[in-house]
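We use all heavy atoms of the structure for the numbers below, so side chains are in, but hydrogens, waters and symmetry mates are not. Numbers here are sequence positions counted from 1.
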Amino acid sequence: MAAIPSPSPLHVLRTHQQPVSAIFISSDNERIYSGDARGRVVITSTRSLRAIADWAAHTDGLLGVEEFGDLVITHGRDNKIHVWNRPTESVSIRQGGAASLTDLSVPPLRYSLDVNALNYCRFSLLPAGTPESEVTALIAVPNLVESSLVDIWTLPDRTRLHAAIGDPQDTSATSFSDGRSGSKTGIIMSAHLYYASPSLPSTSAAQRELRLLCAYEDGGVVLRRRITAESTQTVGGRGWEVVWKSKLHVEASLNEIVRVAVMAMAVSKDCGFALTVSADHLVARYDLTVSPLQNASSTSTQTETENSGRIFRTKHPGNAAIAIRDDGRICAIGGWDGKVRLYSTKNFKSLGTLVYHKETCQALAFASSFNDRATDWDPDNNASKEAEEGEDDMTNEEKQQRGRWLIVTGKDCRVSIWGLMSFERA
């Protein structure tokens, strides 16, 4: 029986001349954000597939880009985070016409934040505003001095609320595969900031618990939670408690067990679980709903406990990117071979392989399901208004198809757009 041929991408964007290192699609599925190794950012309309904006956002490579209401946040290896006004899509571009130089003008810069970008860890943004609060979001980035620690800043006032979260005392020399010596965990490779329901009874009016998930160079993943009041500033990791620690990415050699750096981490939309990939053939899954009381050993006097998580073995080593669909049922893993492999997150049954890119797949992003489409911020913001104004030229079927898109970027400077099936039985 002949093998089923690999599908082809629906569209391929060739707007970059450098390897594309960052990708994001807006929550209303209207805009694709891509950033490359020279700091260039392109915003593409998903309706016309034409550029809305194209500018040099940074002087070095892009680590991350994200839309936040009427703002665009970019993070570069030039040690800067920039916050821009999001450009609006002109009528001519929306209708498929050619963009003029005026249409592609550089977005106004709102403000910037100096950060430490010596590693490859992009920012993690958490909307945190309330009607009575001036703080609209929290943003987590590697510490200004030590890349194994995390700082959390408030936006837009750029106040460092929590400094040096991690294990500053855990600095015993450890040799890594490239010959360096440094802190025991190595640098942070990925971080995710989120709110969870309080795990302990509290008399506080706060109904949310701030948590920070970090993946490290030594293959470890650590979940921490804040145990101080929301507005309390902390330094040196005080005010934070370890919920669990785990090390699942390992390689056995003749004389020792070698820890393999986490290359990418993805967290489900409901923050119920996380997945990590590395140079090995393993996919690790972690439960983010565990509380300290559930995880603590009866004989342990410390809050730091080991969480084994679960390991799934694939047949394909060398993975660089991972993304989880918004329903949490499907994940996509991008490999060093340029192929994207789809799996069920329940049992990691293979669901297919997407073959197009000739070099490493560097970033992935699923579109939001049409029935679950919403903006990340105030529903009265410009993003939702523009989506409502432009909905007449797309049928519900077209929106559902767009809601099944997977966006893939690679070192070959291209952005591919794939239309996936629903995988209802996965």
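Going from atom CD1 of I25 over to atom CG of L364 covers 12.5 Å, rounded to the nearest 0.5 Å. The NZ atom of K346 lies 10.5 Å from the CZ atom of R285; values are rounded to the nearest 0.5 Å. Between atom CD of residue E209 and atom CD of residue E230 there is a gap of 11.0 Å, rounded to the nearest 0.5 Å. To the nearest 0.5 Å, atom CD1 of residue I165 and atom CG of residue L193 are 8.0 Å apart. Atom-to-atom distance recorded for Q18:CD and K411:NZ is 12.0 Å, nearest 0.5 angstrom. Interatomic distance, SG of C331 versus CZ of R325, reported as 10.5 Å (0.5 Å rounding).
Across all their heavy atoms, W244 and D287 have their closest contact at NE1-O, 3.2 Å.
Exactly one of V115, I152, I81 qualifies for a side-chain contact (heavy atoms from CB on, under 4.5 Å) with I139. That residue is I81.
With N29 contributing its side chain and F370 its backbone, the two residues share no donor-acceptor pair below 3.5 Å. No donor-acceptor distance shorter than 3.5 angstrom exists from the side chain of Q362 to the backbone of T409, with no hydrogens or angles considered. Formation of a donor-acceptor pair under 3.5 Å by the R329 side chain with backbone atoms of E424 is found in this model. With D78 contributing its side chain and T59 its backbone, the two residues share a donor-acceptor pair below 3.5 Å.
Ring planes of H82 and H58: parallel class, angle under 30° (limits at 30 and 60°). A perpendicular orientation is assigned to the rings of W418 and Y356, their planes being inclined by more than 60° (bins at 30° and 60°).
Judged purely by distance below 3.5 Å, without hydrogens or angles, the side chains of Q17 and R40 pair a donor atom with an acceptor atom. Looking only at atom types and distance, the side chain of T314 has no donor-acceptor partner in the side chain of R341 under 3.5 Å away. Checked by atom type, the side-chain pair Y286/T276 shows a donor-acceptor distance below 3.5 Å.
L210 places a side-chain heavy atom less than 4.5 Å from the side chain of Y195. Using a 4.5 Å cut-off on side-chain heavy atoms (C-beta onward), N116 and V141 make no contact.
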